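First comes the structure, then the notes that go with it.
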Number of protein chains: 4
Amino acid sequence: MPVLGKTKQEVLSEFRCSEILEAARKVFAKKGFSQATVDEIAHTAGVAKGTVYLYFPSKRTIYLAALQHGIEALHQRTGERLAQAPTLAAKIRAFVETRVEYFDENRDFFKIYYSELGNIFMAPHRLSKELNQLYSRQARVLEALLAEGVRRGEIRAVPPGPTAFAIYDLTRGLIARRLLNGAKGGGKDDVEFLMDLVWKGIEQ
Amino acid sequence: MPVLGKTKQEVLSEFRCSEILEAARKVFAKKGFSQATVDEIAHTAGVAKGTVYLYFPSKRTIYLAALQHGIEALHQRTGERLAQAPTLAAKIRAFVETRVEYFDENRDFFKIYYSELGNIFMAPHRLSKELNQLYSRQARVLEALLAEGVRRGEIRAVPPGPTAFAIYDLTRGLIARRLLNGAKGGGKDDVEFLMDLVWKGIEQ
Amino acid sequence: MPVLGKTKQEVLSEFRCSEILEAARKVFAKKGFSQATVDEIAHTAGVAKGTVYLYFPSKRTIYLAALQHGIEALHQRTGERLAQAPTLAAKIRAFVETRVEYFDENRDFFKIYYSELGNIFMAPHRLSKELNQLYSRQARVLEALLAEGVRRGEIRAVPPGPTAFAIYDLTRGLIARRLLNGAKGGGKDDVEFLMDLVWKGIEQ
Amino acid sequence: MPVLGKTKQEVLSEFRCSEILEAARKVFAKKGFSQATVDEIAHTAGVAKGTVYLYFPSKRTIYLAALQHGIEALHQRTGERLAQAPTLAAKIRAFVETRVEYFDENRDFFKIYYSELGNIFMAPHRLSKELNQLYSRQARVLEALLAEGVRRGEIRAVPPGPTAFAIYDLTRGLIARRLLNGAKGGGKDDVEFLMDLVWKGIEQ
DNA sequence: AATGAATGAGTGTTCATTCAT
DNA sequence: TATGAATGAACACTCATTCAT
């Protein structure tokens, strides 16, 4: 019986969970929530349908878990990158770059991420509030940075909230276009252009 | 039999078509594509289900027709406003303002518009190409204006394509947030901020 | 357009409804509620599964409709027979005879009827109250007759309620046994014996 | 290794078996056969689902074992009481009283007992024959007593078989009603009434 | 013996689409 | 043209049973 770490059971269980989540991401990205079937997710994950329901109580739950999992990962990576960036400009660039990178690596996830943003306007599930927060959390990090920048006089007195959302929107649009067009190149130029536009827009 | 204009038949037919499309817009906005039912659309339009299929061959077609119809209207209104604006700055502002206005008036439609943008990344329907063009047509108008502005030296030498998409993205994000938050105010301030940011970003 | 009676549509609709109900009775009798499938009911009725749901909103509803339909018919026939019987003894005999006859003719229905009596003790559906009343209505008719008989001095002063239930139980048991054993004969002897026992039990 | 009595293994095995059976009785009574799950039975018994299948090969088997177990117990107790009763009247009363008592104590079991009686008419499982015998064994005891009573001239010349079933039916109905109504009182009056009715019905 | 993770067949219900009237 | 009854494929979710540990 292991004292530190996890039992064999727990490891296996987490592994299954990940496998299902990864399969779900693929399938949801390919088909969208409604057209995706639990059967296909199960098959993609290499397990039987019943097994999926051992780990997740409903199709919707799987979807949200996949979504949240991806957002958390993005959030964490963004946090790390921001911490390493010395100046405000560098931080903004890091924010944009991290996202471009992350979604280049996780195209499936972007489709889900972006798609769900569209559904947030639909008939309010109980979840849209949480989801809304999950999404806006990202913008709020940016907002804090900008507020700090304004206070320090690094940038002109733009309203931090709207500006943060603006950067957020620009980034999202950029990524969407990259994915739609087949994202040639490392995206350096794309990011460069975006940074140029934004910085000109907010500098002293 | 009328020689000019439409026969009684044609008028009636167009009328039915519009009614169904209007009903579809409401229902799709409320429920999303998957959760909307043809039955509900028919009922909302005040016709029988079979009648809907006399005018549209499938649910998806109704959806796309509603989408296209809305986009055309937006496009037309934008064109009119742009024509009246004297300067590049005025034109950009007109572009943004028209869209904010239009979607304020047609919230139902924005939900569909935005939602479908999310689905454009999904498994490529035959339609996504057309749809893609429908969407990007708007940005190309802007692109032309910006190219002209650069040529005339009204703005600095930004790449017109990416800049157009940037303005497009900013506008879309702004509208989405307005709708999500219940869009207080005429949106003057919102537009003002956006214009300020953009113009600073691109001016000489 | 018919002035009296029903339109062709209504006739057709009622016909379908009866067909489904009849099929349901057969299938429920053969399989029991849980093991019966809507598919089989539909197939037995000669319609598609979806059609069944045009007439009944759920499997349970079909079941209850079949049950109620049968009980109503029994109730009505019993009422007619009772009205024709001159004396109390004749009325009790009529009660028993009618039931024996009815269930001889509608064996399928008895199985449902009897089965559901068993389930009445289970976790209370919202329906068990109604169902309970539906069942006990029959006994209450008998109770009224007995009370009248006691008042007139036709029988000794037995408590009408319990006595009514007793006759009810005896009848039910008799029918069950007849069905289980393959019900030889018209049941005259069976009824005769039961009447003899009961009448001796309650006569002055 | 013990020569007389049971090995530790056997004792443990029987204990597990009883525990499962008791749990099954509760669950089947609460949910009915179809709605009960092996999972819930296992959980109620405090064992894992797999364990249940070490002792019983199928859900249906558990059900029948629980049923049989209850019937045997009732049968045994009835036998004891009958042996102590001196006269035929006393024996009949003992028969009825014992059953009322037993089911008052084992309400869960009555629900199963009664329910299954309803299902005995369904598509003949291989088991319905056994089950039928299990049920009718009780009536046959009564039949023998009545035959003896007739022979001795204690009662009039009623046919023992049908009369036995009649008493059986009356008793079952009485118990069902007691359980349905919440069984107020020790049931003395109920039994008294039933005995009065029956005895008047069969006395010389 | 005991476990509980894994399986996959089974089913009520929905709904886009068709078609006879 | 308009209707709405009929269709049947599709799908989420359940659960009895098995089996590796």
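Model, not experiment: these values are computed from the prediction. Every chain is numbered from 1, with letters handed out A, B, ... down the list of sequences.
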| query | Starting at CD of E40(D) and ending at C1' of dA16(F), how long is that distance when rounded to a whole Å? | reply | 15 Å

| query | Looking for any heavy atom pair under 4.0 Å, which part of the strands does F56(A) touch: base, sugar-phosphate only, or nothing? | reply | nothing

| query | Tell me: NE2 of H43(D) to C1' of dG4(E), nearest whole Å? | reply | 13 Å

| Between C1' of dT3(F) and CG of L12(C), the distance in whole Å | 15 Å

| When you check the side-chain N and O atoms of Y63(D) and E116(D), is any donor under 3.5 Å from an acceptor? | yes

| said: Using a 4.0 Å heavy-atom cut-off to protein, can you give one letter per nucleotide of nucleotides 7-14 of chain E, 5' to 3': B if the base is in contact, S if only the sugar-phosphate is, - if neither? | reply: BBBBSBBB

| said: Restricting to non-hydrogen atoms, name the atom on A45(B) and the atom on E19(B) that form the minimum distance, rounded to 0.1 Å. | reply: CB-O, 3.9 Å

| request: State the CZ-CD1 distance between F56(D) and I20(D), to the nearest 0.5 angstrom. | output: 5.5 Å

| field | E10(C) CD - dT21(E) C1' separation (whole Å) | value | 17 Å

| Rounded to the nearest Å, what distance is computed from the CD1 atom of residue I20(D) to the P atom of nucleotide dA1(E)? | 12 Å

| So do K30(D) and E40(D) actually touch side chain to side chain, heavy atoms under 4.5 Å? | yes

| field | Runs of at least three consecutive pairs that involve DNA chain E, where pairs are Watson-Crick or G-U with distances under 3.5 Å | value | E:2-21 with F:2-21

| query | Cation-pi between R60(B) and F33(B): NZ/CZ under 6.0 Å from ring centre and within 45° of the ring axis? | reply | yes

| query | Has the side chain of K49(C) got a donor or acceptor atom that lies under 3.5 Å from a matching backbone atom of I41(C)? | reply | no

| field | Nearest-Å distance for atom pair CD1/C1', residues I62(A) and dC11(F) | value | 13 Å

| Between P of dA2(F) and CZ of F15(B), the distance in whole Å | 11 Å

| said: Ignoring hydrogens, what is the shortest heavy-atom contact between I62(B) and L21(B)? Give both atom names and the distance. | reply: O-CD1, 4.0 Å

Under 3.5 Å donor-acceptor pairs involving side-chain atoms of residues 22-29 of chain A, not counting sequence neighbours:
| residue | atom | partner | partner atom | Å |
| --- | --- | --- | --- | --- |
| R25(A) | NH1 | N106(A) | OD1 | 3.1 |

| Would the number of heavy atoms belonging to other residues, nucleotides or ligands and lying under 6.0 Å from CD of Q35(B) be above 12? | no

| Could you give the CD1-to-P distance, from I41(B) to dT17(E), as a whole number of Å? | 11 Å

